[in-house]
There are 2 protein chains.
Amino acid sequence: MTNLISIKSATLSEDIAQQLTSAIVQGHIPQGSKISEPELAKQYGVSRGPLREAIVKLEGLGLVTRTANVGARVIELNIQDMLDTFTMREALEGMAARLAAITMHANEVRSLYALLDKHQAYLDDNQDEHYVQQGGNDDFHLRIIHASGNAKLIRLLTEELYAVIRMYRRHTADQRSDPRQALREHRAILDAIANHEGDLAELLMRRHISRASQLLKQAMEQTALASH
Amino acid sequence: MTNLISIKSATLSEDIAQQLTSAIVQGHIPQGSKISEPELAKQYGVSRGPLREAIVKLEGLGLVTRTANVGARVIELNIQDMLDTFTMREALEGMAARLAAITMHANEVRSLYALLDKHQAYLDDNQDEHYVQQGGNDDFHLRIIHASGNAKLIRLLTEELYAVIRMYRRHTADQRSDPRQALREHRAILDAIANHEGDLAELLMRRHISRASQLLKQAMEQTALASH
DNA sequence: AAATCAAAAATTGTCGACAATCTAACTTGA
DNA sequence: TCAAGTTAGATTGTCGACAATTTTTGATTT
């Protein structure tokens, strides 16, 4: 019972791929564990064909690693890979912010300011508890990425990279992060975009993501210590 | 007879994926054409199982697009997608150059200067003919990417993005490009890296790629005009 | 008791066949 | 003649079974 709501996809393979992705990101299938094809096929009630296609997709997403004649394993999160991934994110989302600053229309800017106000209100009402922006339309970063207007960039970030990024976010209790600080940074980025200052928007987005990665690093060092 | 040399992979699926990638990049399978599973399976002498897995991989590489119950088609190159892809490349290779400037050792720097001298000598001997650096160890860009030391970035650029990039390079007769100019730019980038000037290295790499994309754009407009 | 080798079990890779869906040709009616 | 509906063909999606490889188990030797 990994997923309560299962949206029927056009094909079993896609369906399984989504369910597996979700199961791995949420930790229902633990890090480093082996993916047994017969076991999972039975569990999801499908044959090994579509399941294997799903696994190939997950390999493309970087969620599992495969070895010929041996099988697939869920990746193991570690600090170095996280830093490497976030460095890529810096480059890509920094570029997205730059592009957004060039092309974004006034009404979209207003809509994003409204979103930040909403986040602000949430923090005021809920004692600074983290606002869960689980990839929906309320995620500031996703909004910026889409505003870039670069279809390739959007696909890469949202469909290929974000699964792993969410995994890192979820698996480390980042109580260390300061939501109000993040919100201030979001606002500064949006200000730069509103003023069409591409250089500044990129710089601020990079700094923002770099900060986040440093916090995550500390959190991971902490949990690594605790689990030891 | 798409490939003269076929290196035996551990699994048929991998083998087919490589052969298909090569066939698409080199244009043996034309742009926009439909991928017929029965036909290709017969052609490569395998069953549809491994072939389908290969197609799923190619979809991850962005070489084909798939629609449920309809099948896969080879992507069609167009200017907008090219510009979008090269913008991503700017961001990522720019970052790679920055990282290389930080970490690269003196002997690797020397080795790269030697490579550029070799390119120079080639141009002198061959009337400025384009040096074919087909992804091997002689490709300046690949060397910089690897020098970044960022495993995720290396994988993304070399294993996932470069197939499409090579496709763009190959399908447009870029006689317009000036090899000596490119070489000068490479040298400037390497100078910045040698001096550990990350900011400058990133800036120059971005400019270099941006220039290349503009030249490609002009070439594509030209060929589009010619084919009309 | 530890290490090496051999046999058995399990898992992955591949295949051919059937079911579901789409595409194209044909018929029918206005 | 054209449009819509229907049927035939082809293609994709899925399944179960077999072959190839790996992993585990157990026996044998030092």
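So you know, we letter chains A, B, ... as the sequences are listed, proteins then strands, and number each from 1. Since the structure is predicted, the reported quantities are computational estimates derived from the model, not experimental observations.
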Could you list the residues that satisfy side chain to side chain donor-acceptor pair (under 3.5 Å) with B:Y168, not counting sequence neighbours?
-> none

Report the distance from atom CG of B:L40 to atom P of D:dT11, rounded to the nearest whole Å.
-> 12 Å

Has B:R166 got its NZ or CZ under 6.0 Å from the middle of the six-membered ring of B:Y162, at an angle within 45 degrees of the ring axis?
-> no

Give every pair of a protein N or O atom and an N or O atom of nucleotides 14-19 of chain D that lie under 3.5 Å apart, one pair per line with the distance.
unit_1 : atom_1 : unit_2 : atom_2 : d
D:dT14 : OP1    : A:L12  : N      : 2.4
D:dT14 : OP2    : A:T11  : OG1    : 3.2
D:dC15 : OP2    : A:S47  : N      : 2.9
D:dC15 : OP2    : A:S47  : OG     : 3.2

A:D15 CG to D:dG13 P, straight-line distance once rounded to whole Å = 14 Å

Looking at residues at least two apart in the chain, or sitting in another chain, which of them share a side chain to side chain donor-acceptor pair (under 3.5 Å) with A:R155?
-> A:E160

Can you name the residues that form a side chain to side chain donor-acceptor pair (under 3.5 Å) with B:Q80, not counting sequence neighbours?
-> B:D84

Apply the test side-chain contact (heavy atoms from CB on, under 4.5 Å) to residues A:I193 and A:I144: give CA-CA distance (whole Å), side-chain angles for both, the deciding distance (0.1 Å), then the verdict.
-> CA-CA 9 Å; A:I193 290 173; A:I144 300 294; 3.6 Å; yes

Less than 4.0 Å between a side-chain N and a carboxylate O, is that true for B:R206 and B:E202?
-> yes

Indicate, with yes or no, if the rings of B:H208 and B:H141 have centres closer together than 6.0 Å.
-> yes

With sequence neighbours excluded, what pairs up with A:E37 under the side chain to side chain donor-acceptor pair (under 3.5 Å) test?
-> A:R48, A:R52

Assign a letter to each nucleotide of nucleotides 5-11 of chain C from its 5' end: B, base within under 4.0 Å of a protein heavy atom; S, sugar-phosphate only; -, no contact.
-> ------S

Length of the CZ-P vector between B:R73 and D:dT12, whole Å = 11 Å

